[in-house]
Amino acid sequence: MLRLVLLGPPGSGKGTQAARLAEMTGASHISTGDVLRAEVAAGTDLGRRVAGYQADGALVPDDIILALALPLVTAADRGFVLDGFPRSLAQARSLDQQLPPASKIAQVVLLTVPEGVLLGRMRERAHQLHRADDTDEVFRRRLQVYEAETPAMTEFYAAAGVLSQVDGEGAPDQVFGRIRAALEL
Ligand code: AMP
C-alpha cells in the first residue's frame with residue numbers, strides 16, 4: 001500500500017503525478033492546497049481564515065493544516081499520496097509523531113525542475129485554471145517559501161532512508177514513468 005509524500009516546487013507537477021499515482025493504486029490523493037481552495041471558494045469560516053495566506057503565497061499556520069490533514073491521512077485505508085503536505089520540517093515531524101505506526105510515511109519522492117521551466121508552467125496554468133496565486137509575483141514568493149522550508153525536510157526524510165529524487169522535467173508521461181521506476185511500481 002502506497003504511503004507516499006510527493007515533494008517539489010510550485011509547478012513541478014506534484015498535483016498531476018499524485019492524481020495519476022492515486023488512480024493507479026487506489027490510494028487517496030490528499031492535497032492540502034486543493035482542500036484549502038475549496039474552503040475559500042465555499043466561503044466557510046476556515047476559508048476566510050486561510051484566504052489571505054493563500055493569496056500571498058505564504059504558508060497557512062501549522063495548527064490549521066495539521067487539524068485538516070491528519071484526519072484525511074488516517075482515514076485513507078487504501079494508502080495515500082500527499083501533495084503539498086508536509087511543507088516544513090515542523091509539519092513533517094508532527095506528521096511522523098501523530099500518525100499511527102500502520103500509516104507511517106514509507107516513501108518520499110522529490111521532483112526536481114529548473115526554475116525557468118517552473119515559471120513557464122505556472123503561466124500556462126494561470127491561463128487554464130485562473131488560480132489566484134498564479135501570478136509572477138506570488139509565484140516568486142511561493143518559490144522562496146519552498147526553497148526556505150524544503151532542505152530541512154528533505155534531510156529529515158533522507159536520514160529516515162525514505163527519500164528518492166526524480167527528474168521532473170519533460171512530459172507528464174515521462175515523469176510518471178520515472179516515478180514508477182523509483183517506487184518500483
Ligand atoms: P499548493 O496547491 O500545494 O501549491 O498550495 C497552495 C497554497 O495553499 C500555499 O501557497 C499555501 O498558502 C497553502 N498551503 C497548502 N498546503 C499547505 C501546507 N501544508 N502548509 C501551509 N500552507 C499550505
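Counting starts at 1 for both ligands and their atoms, in listed order. Values below: all heavy atoms of this structure, side chains included; hydrogens, waters and symmetry mates excluded.
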**Report entry** Set of residues that line ligand 1, where lining means a heavy atom lies under 4.0 Å from it
**Finding:** Thr32, Gly33, Leu36, Arg37, Tyr53, Gln54, Ala58, Leu59, Val60, Ile65, Gly84, Phe85, Arg87, Gln91, Arg131, Asp133, Arg142
Query - Distance-only side-chain donor-acceptor flag, Gln165 / Thr112, under 3.5 Å - result: no
Query raised in the report: Among all residues two or more places apart in sequence or in another chain, which pass the salt bridge (Lys or Arg N to Asp or Glu O under 4.0 Å) test with Asp173?
Result: Arg20
Query raised in the report: Are Leu119 and Leu111 linked, directly or through other ILVMFWY residues, by side chains that come within less than 4.5 angstrom of each other?
Result: no
Query - Check against salt bridge (Lys or Arg N to Asp or Glu O under 4.0 Å), Asp34 and Arg37 - result: CA-CA 5 Å; Asp34 283 350; Arg37 274 186 291 280; 2.8 Å; yes
Report task. Using a strict cut-off of less than 4.0 Å between a Lys/Arg side-chain nitrogen and an Asp/Glu carboxylate oxygen, indicate whether Arg123 and Asp134 qualify as a salt bridge. Result -> no
Report task. Look only at the side chain of Asp167 and the backbone of Glu169, and say whether a donor-acceptor pair between them is shorter than 3.5 Å. Result -> yes
